[in-house]
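Just so it is clear, the values below take in all heavy atoms, side chains as well, and ignore hydrogens, waters and symmetry mates. Sequence lines set the chain letters: A, B, ... in the order given, protein chains first and strands last, and positions in each chain run from 1.
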There are 2 protein chains.
Amino acid sequence: MNLPPIVQSFVLHFGEMGSRWGIARTVGQIYAVLFVSAEPLCADDLVDRLGISRSNVSIGLKELQSWNLVRLRHVPGDRREFFSTPDDVWAILRTLVQERKKREVDPTLSVLRDLLLQSPQSDAEAHAQARMRDMLAPMELLTKWYDDVERLETERLIQLLGLGATIVKALDAKDRLFALPGRKAAAKTS
Amino acid sequence: MNLPPIVQSFVLHFGEMGSRWGIARTVGQIYAVLFVSAEPLCADDLVDRLGISRSNVSIGLKELQSWNLVRLRHVPGDRREFFSTPDDVWAILRTLVQERKKREVDPTLSVLRDLLLQSPQSDAEAHAQARMRDMLAPMELLTKWYDDVERLETERLIQLLGLGATIVKALDAKDRLFALPGRKAAAKTS
DNA sequence: CCGTGTTTTCAATCATTTCTGAAAATTCGG
DNA sequence: CCGAATTTTCAGAAATGATTGAAAACACGG
């Protein structure tokens, strides 16, 4: 590995993290190198810095492209392809979440919905379906929330996150104030 | 595999998902079986239903316990250990996020902070540090948000999520109305 | 304590994934 | 079109991670 020490630590850490999240170690490393690089890099730069094979870099870059995590640049008068990451970390985060949702959450939602349409042939199956319903509800609420938040401009998103739980505290106060006699509102007064 | 068809589909899907998230396939399957089961199961039940070795089940259960994802029960007059998942899916989700944060996010934050304390020996390192600072900021905001939200009762959390981006829209309107020249003031009005 | 039923450990095996080198395909300036 | 520079593909090697069976450790009722 041919990198200055600070960068190398960063790159090794992200390789490690990547592999814990189901991303090949070298793909994580490639991304880390691109992320901290001052200018776009070509495949051979990566071979050079990471000490991995050219073909591995090629595959890794393809993988990163399929995740939309990497931008491709062409330098005039140079035939090579150069790669970089977006400058905006929020944009990167959004892409990451979006892709992950597309690949894992959405298919899970459709499996659950599909299995809930089938008629249970036993008590065990009926109970299993009840549990799946329990699981579906939070997932649907979360994806709905995400769909909502995803559209926000970054400035607004930051604002919303900065607010944290304060809004709910306000609601809480309001609930108490009006003491709704209805259902499960204000149930916990301990 | 000795499971009714609906359950089997569910279990296979979660095994698959697990392995995409860096969890062994069988660990995901064990969790799925426990999740949909009407009563707690012992290790041999799992061997039976999943058709995997006893030792694999033992390792899987230990793994799930280390993630706090599984409750251990003792049936009086029976020497075996029985396992179940919490009934409340929100509780499960919280645990999952919490553990994941502890294992991956927190260490990453400290690596970043640590690397930012070192003095750069080159322009490349200085630029890399600037990028790390770019990365640190959103991560800190997100973890702060999470710390805040984590403490909410489930009822409140659901409320907050249901609100989605509407709060920000209100802020937006208010900002426009008062056309504040300053920064992010006016956050706390109650 | 003894014996039985149960869980855990661990070295070995098996499976999967990652990585490589060499060859094929592609691209573009001339 | 040609040929050099570059990228992609792919079959096999290497590495990693998962799974197993057998044996050890444990725990409890008698």
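The nearest pair of heavy atoms linking B:Leu115 to B:Gln129 is O-NE2, 2.8 Å. Smallest separation of non-hydrogen atoms from A:Arg49 and A:Val33: CD-CG1, 4.2 Å. In terms of heavy-atom proximity, A:Leu163 sits nearest to B:Asp148 at O-OD2, 4.1 Å. A:Val7 and B:Ala128 get closest at one heavy-atom pair: CG2-CB, 3.6 Å.
The C1' atoms of five pairs define one axis at each end of the helix from C:dC1-D:dG30 to C:dG30-D:dC1, and these two axes lie 30° apart (to 10°).
Taking atom CD1 of B:Ile59 as the reference point, atom C1' of C:dA11 lies 12 Å away to the nearest angstrom. Whole-Å rounding puts the A:Asp44 CG to C:dG21 P distance at 14 Å.
B:Val27 places none of its side-chain heavy atoms less than 4.5 Å from the side chain of B:Ile59. Residues B:Pro107 and B:Lys102 are not in side-chain contact: their nearest non-hydrogen atoms beyond the backbone lie 4.5 Å or more apart.
Listed by residue number, the members of residues 64-84 of chain A with any heavy atom below 4.0 angstrom from DNA chain C are A:Arg79. Residues from residues 47-56 of chain A that place a heavy atom under 4.0 Å from any atom of DNA chain C, listed by number: A:Ile52, A:Ser53, A:Ser55, A:Asn56. Residues from residues 23-35 of chain B with heavy atoms under 4.0 angstrom of DNA chain D, sorted by number: B:Ala24, B:Thr26.
At the phosphate of C:dT9, OP1 or OP2 sits under 4.0 Å from a side-chain N or O atom of B:Lys62.
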Checking salt bridge (Lys or Arg N to Asp or Glu O under 4.0 Å) for the pair A:Arg25/A:Glu16: CA distance, chi angles, key distance, verdict? CA-CA 6 Å; A:Arg25 203 186 315 280; A:Glu16 212 45 60; 3.2 Å; yes

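A ring pair (Phe, Tyr, Trp, His ring centres under 6.0 Å) check over residues 99-144 of chain B, counting only residues at least two apart or in different chains, returns nothing. Among residue pairs with one or both ends in residues 130-177 of chain B, those qualifying as ring pair (Phe, Tyr, Trp, His ring centres under 6.0 Å) are A:Trp145-B:Trp145; sequence neighbours excluded. Residue pairs meeting the ring pair (Phe, Tyr, Trp, His ring centres under 6.0 Å) criterion with at least one member in residues 12-57 of chain B, sequence neighbours excluded, are A:Trp21-B:Trp21, B:Phe10-B:Phe14.
Read 5' to 3', the first and last nucleotides of DNA chain D with an atom closer than 4.0 Å to a heavy atom of chain B are D:dA18 to D:dC28.
In this view, A:Arg100 and A:Glu104 satisfy the salt bridge (charged side-chain N to carboxylate O under 4.0 Å, His left out) rule, not counting sequence neighbours. Every residue meeting the salt bridge (charged side-chain N to carboxylate O under 4.0 Å, His left out) condition with B:Glu140, not counting sequence neighbours, appears here in chain and number order: B:Arg113.
Interatomic distance, A:Ser9 OG to A:Leu3 CG, rounded to the nearest 0.5 Å: 10.0 Å.
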Side chains of residues 81-90 of chain B: which donor-acceptor partners sit under 3.5 Å, not counting sequence neighbours?
{"residue": "B:Thr85", "atom": "OG1", "partner": "A:Arg131", "partner atom": "NH2", "Å": "3.3"}
{"residue": "B:Asp88", "atom": "OD1", "partner": "B:Trp90", "partner atom": "N", "Å": "2.8"}

Only pairs under 3.5 Å count here: list side-chain donor-acceptor contacts from residues 66-77 of chain B, not counting sequence neighbours, and write none if there are none.
{"residue": "B:Ser66", "atom": "OG", "partner": "B:Glu63", "partner atom": "O", "Å": "2.8"}
{"residue": "B:Trp67", "atom": "NE1", "partner": "B:Glu63", "partner atom": "OE2", "Å": "3.4"}
{"residue": "B:Asn68", "atom": "ND2", "partner": "B:Glu99", "partner atom": "OE2", "Å": "3.3"}

